[in-house]
Amino acid sequence: MISNHVADFDSASGIDENALKDQKEKVRRFRKRLQAREAFILPEVWDVISARVIADAGFDIIGISPVSVAWSRGLLPADRVPLDTLVETAKSVASNFSVPVNADLEGVIGRSMEEIGRAVNAVVSAGCVGVTIGDGGRGGQHGMASMHDMTAAIKAAKAAALETRIPAVVTARTEAFLLEPPPYSPFETAVERAEAYFAAGADCIAVPGVQHIQIVERLSAHVDGPLQINVALTPAPDLKALSRAGASSVVLGTALIRSLLGNLRLKAEEILAFGQFNNLDKAISADALNDLLR
């Protein structure tokens with residue numbers, strides 16, 4: 001059920017023409033990469049400094065993971081990530097940032113078309129080149145929106161982006177493979193929804209929960225448009241293999257924050273066990289972090 005609540009998001013009343021031209025060029029490059037035969041990696045971050053570090057490592061497009069944002073704020077799996085929290089995170093990451101940013105606004109369940117439209121308008125006005133909306137939320141924790149609600153949300157997102165004069169890329173995510181137990185065949189559900197989402201105006205379809213190469217190949221053969229795959233676990237096929245299988249992009253989702261926190265726990269356990277600090281030798285210096293924020 002879509003709610004009638006409308007969040008009060010601030011969007012830019014006007015965009016500098018030079019900034020507008022630059023943002024349109026970033027969108028054009030994003031679209032071109034999605035249509036290319038070679039897949040690319042879209043790492044996902046959760047705040048400003050994680051975005052700056054990933055960009056400094058060399059990535060030229062960055063996404064924002066709503067689940068990572070939720071964990072960083074202590075939200076439990078049953079909790080929805082407030083839409084205004086995702087908007088403010090995207091705006092802070094995109095502010096004064098030359099690297100293109102894709103804002104994941106999580107799922108449409110319980111959110112009105114007006115609320116979704118305002119959120120998209122706000123993040124695109126802030127400089128984001130793309131948005132992702134899904135038919136579920138928190139990895140299938142909140143069920144699955146009806147196809148009618150999701151297609152309406154895609155149309156609302158497209159319209160809101162065009163209001164900013166930026167033809168931002170809209171990625172529609174289906175969580176058919178994450179629902180347990182799935183009520184129907186997840187493959188058939190994903191394909192059916194992909195067709196409907198493309199027809200509603202989506203530019204790319206994301207299917208999390210799939211990284212087995214044969215399933216990616218089957219999806220690619222049935223999905224008539226750019227296909228985004230989520231690599232969340234290891235071992236996983238490498239980028240070239242996923243590209244040959246038909247993936248247009250590979251999103252890392254929560255993999256980066258989980259890897260980071262795993263290393264954090266390991267370092268903490270070693271310090272506690274041995275009372276030595278040698279494992280801190282690879283820490284980024286305070287000066288380097290401050291430079292990344294300038």
Side-chain angles (χ1 to χ4, degrees), residues 26-36 39-45 59 61-69 81 83 86-87 89-90 93-94 100-109 111 116-117 119-121 123-124 127-137 139 144-145 147 149-162 164 166-178 190-191 193-210 216 219-220 223-232 242 246-254:
K26 290 178 181 177
V27 172
R28 188 193 69 79
R29 294 201 306 268
F30 188 12
R31 289 183 181 278
K32 186 176 180 180
R33 293 189 72 177
L34 284 172
Q35 297 292 339
F40 65 95
I41 300 172
L42 180 64
E44 291 196 309
V45 300
F59 283 97
I61 184 166
I62 289 172
I64 299 172
S65 163
V67 178
S68 298
V69 172
V81 188
L83 197 50
L86 295 174
V87 169
T89 300
V93 169
V101 174
N102 183 79
D104 192 324
L105 299 177
E106 207 222 21
V108 305
I109 295 175
R111 289 168 177 162
I116 292 167
V120 171
N121 187 290
V123 298
V124 175
C128 292
V129 300
V131 295
T132 299
I133 55 175
D135 54 23
M144 203 171 189
M147 200 178 304
D149 285 349
M150 183 62 181
T151 55
I154 293 168
K155 293 176 182 177
K158 294 286 287 188
L162 290 176
T164 68
I166 299 293
V169 173
V170 174
T171 298
R173 178 175 54 244
T174 178
E175 299 194 352
F177 280 88
L178 298 180
V191 170
R193 291 202 169 223
E195 292 176 352
Y197 298 170
F198 276 129
D203 302 293
C204 178
I205 300 298
V207 186
V210 174
V216 176
L219 278 173
S220 175
V223 172
D224 189 19
L227 173 66
Q228 183 181 89
I229 297 300
N230 185 325
V231 169
L242 289 169
S248 300
S249 60
V250 178
V251 67
L252 297 183
T254 63

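Basis for what follows: all heavy atoms, side chains included, without hydrogens, waters or symmetry-related copies.
Shortest non-hydrogen contact noted between I154 and G201 is CG2-C, 4.0 Å. When all heavy atoms are compared, the tightest approach of D104 to I64 is CB-O, 3.0 Å. L178 and P208 get closest at one heavy-atom pair: CD1-CG, 3.8 Å. Heavy-atom minimum distance, L42 versus G63: CD1-N, 3.6 Å. Looking at every heavy atom in both residues, A39 comes nearest to A247 through CB-O, 3.2 Å. Closest non-hydrogen pair, V207 versus A190, comes out as CG1-CB, 4.4 Å.
Side chain of S220 to backbone of V216: no donor-acceptor contact under 3.5 angstrom is found. Under a 3.5 Å cut-off, the side chain of T254 and the backbone N or O of S68 do not form any donor-acceptor pair. A donor-acceptor distance shorter than 3.5 angstrom exists from the side chain of R31 to the backbone of P167, with no hydrogens or angles considered.
By the side chain to side chain contact (heavy atoms under 4.5 Å, CB included) test, R33 is found to be paired with F40, D60, I61, residues two or more places apart in sequence or in another chain being considered.
Considering SG of C128 and CD1 of I62, their distance stands at 11.5 Å, rounded to 0.5 Å. Within the model, atoms CD1 of I41 and OG of S249 stand 10.5 Å from one another, a figure rounded to the nearest 0.5 Å. In this structure, the separation between CG on N230 and CZ on F177 is 13.0 Å, given to the nearest 0.5 Å. Rounded to the nearest 0.5 angstrom, I205 CD1 and L219 CG are separated by 11.0 Å. Between T174 atom OG1 and Y197 atom OH the span is 4.5 Å, to the nearest 0.5 Å.
Side-chain atoms of I116 and V108, non-hydrogen and from C-beta on, do get closer than 4.5 Å to each other. Here the side chains of V131 and V124 are in contact, with some heavy-atom distance below 4.5 Å. The closest side-chain heavy-atom distance from P226 to F198 is below 4.5 Å. Two residues are said to be in side-chain contact when any heavy atoms from C-beta on lie closer than 4.5 Å; R111 and L83 meet this criterion. Side-chain contact between M150 and M144 is absent, with no heavy-atom pair separated by less than 4.5 Å.
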Practice task
Using the side-chain contact (heavy atoms from CB on, under 4.5 Å) rule, take V129 and R29 through it: C-alpha gap first, then chi angles, then the decisive distance, then the call.
Solution key: CA-CA 10 Å; V129 300; R29 294 201 306 268; over 6 Å; no
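Applying the side chain to side chain contact (heavy atoms under 4.5 Å, CB included) test between T132 and each of V251, V170, T171 identifies T171 as the sole match.
Salt bridge annotation for D135-R173: absent, with no cationic side-chain nitrogen under 4.0 angstrom from a carboxylate oxygen.
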